[in-house]
Amino acid sequence: MEEINFDITINAPREKVWDTLWQDASYRKWTSVFSESSYAVTDNWKEGTKVLFLDAKQSGMVSMIEKNEPYTYMSIRHLGEVKDGVEDTTSEKVQQWNGTLENYTLTDTPDGTYLKVMLAGNIPGEFKDFFLNTFPKALRELKKLAES
């Protein structure tokens, strides 16, 4: 199992950072770095529910909210991919990384909020390179939104 970590300090309270992370309008803005038309279809990020991370072509990821501790911790378990609106959680391709976790931990600091994002699981090389390049940019966008 591999682990990749990203972090940033944001000059805003945890509640503001949390809301910026998960409210639809701001979520679309900071995740546009990953895909210009990125959005999430979710049951209000409730623990144990399915979430789809999609783009304008109805393609992306199918996942589950593993844990949701408001304003402190969100864990998302990736289960498969969505291609043209069709979910795939069983093909050999997605089984390689099925179960990978994406964890967000928010901690108070004297300067605001420390956000740590951890990806843990079997992360294929093309995804690893993409995340290493894009996650820092996305977190800078999140910081800009939360601090405004």
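Atom set for the values below is all heavy atoms of this structure, side chains included, hydrogens, waters and symmetry mates excluded.
- The hydrophobic cluster containing W30 also contains I8, counting ILVMFWY residues as joined when their side-chain heavy atoms lie under 4.5 angstrom apart, directly or transitively.
- Centroid-to-centroid, the aromatic rings of W22 and Y104 come within less than 6.0 Å.
- Put simply, the side chain of D88 gets close to the backbone of S91: a donor and an acceptor are under 3.5 Å apart.
- Ionic pairing of E2 and K128 is present here: one or more N-O contacts between side-chain nitrogen and carboxylate oxygen are shorter than 4.0 angstrom.
- Between A12 and A146 the shortest heavy-atom distance is CB-O, 3.6 Å.
- Salt-bridge check for E147 with K16: failed, with every basic side-chain N at 4.0 Å or more from each acidic carboxylate O.
- Each of V51 and V82 belongs to its own hydrophobic cluster when Ile, Leu, Val, Met, Phe, Trp and Tyr are linked at side-chain heavy-atom distances under 4.5 angstrom.
- Looking at D7, T9, T107 one by one, the single match for side-chain hydrogen bond (donor to acceptor under 3.5 Å, both in side chains) with Y114 turns out to be D7.
- Put simply, the side chain of N5 reaches to within 4.5 Å of the side chain of E3, judged on heavy atoms.
- The two residues S37 and A56 come nearest to each other via the heavy atoms OG-N, 2.7 Å.
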### Query
side-chain contact (heavy atoms from CB on, under 4.5 Å) between I76 and S63: does it pass, once the steps are laid out?
CA-CA 7 Å; I76 301 165; S63 305; 3.6 Å; yes
### Task
Could you walk me through whether E81 and K93 pass the salt bridge (charged side-chain N to carboxylate O under 4.0 Å, His left out) test, one step at a time?
CA-CA 9 Å; E81 67 181 5; K93 177 184 174 188; 3.6 Å; yes
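- Hydrophobic clustering keeps F130 apart from V33 (ILVMFWY residues linked when any side-chain heavy atoms are closer than 4.5 Å, directly or through intermediates).
- One finds a salt bridge joining R14 and D108 here, because a Lys/Arg side-chain nitrogen approaches an Asp/Glu carboxylate oxygen to under 4.0 Å.
- Salt bridge annotation for R28-E36: absent, with no cationic side-chain nitrogen under 4.0 angstrom from a carboxylate oxygen.
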### Query
Between F53 and F34, does a ring-ring contact (aromatic ring centres under 6.0 Å, His included) hold up when you go through it step by step?
CA-CA 11 Å; F53 298 101; F34 297 105; 9.7 Å; no
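- Side-chain heavy atoms closer than 4.5 Å link hydrophobic residues (I, L, V, M, F, W, Y) into clusters, and following such links, possibly through other members, connects L142 to Y71.
- Side-chain contact check for S75 and N103: at least one donor-acceptor pair (N or O, by modelled atom type) lies under 3.5 Å.
- Between the side chains of H78 and T100, not a single donor N or O lies within less than 3.5 Å of an accepting N or O.
- Both M74 and L106 belong to a single network of hydrophobic side chains, linked directly or stepwise wherever heavy atoms of I, L, V, M, F, W or Y lie under 4.5 Å apart.
- Using a 3.5 Å distance cut-off with no hydrogens or angles, the side chains of D24 and Y39 do not pair a donor with an acceptor.
- Closest non-hydrogen pair, L52 versus E87, comes out as CD2-OE2, 3.7 Å.
- The distance between the ring centers of W45 and Y27 falls below 6.0 angstrom.
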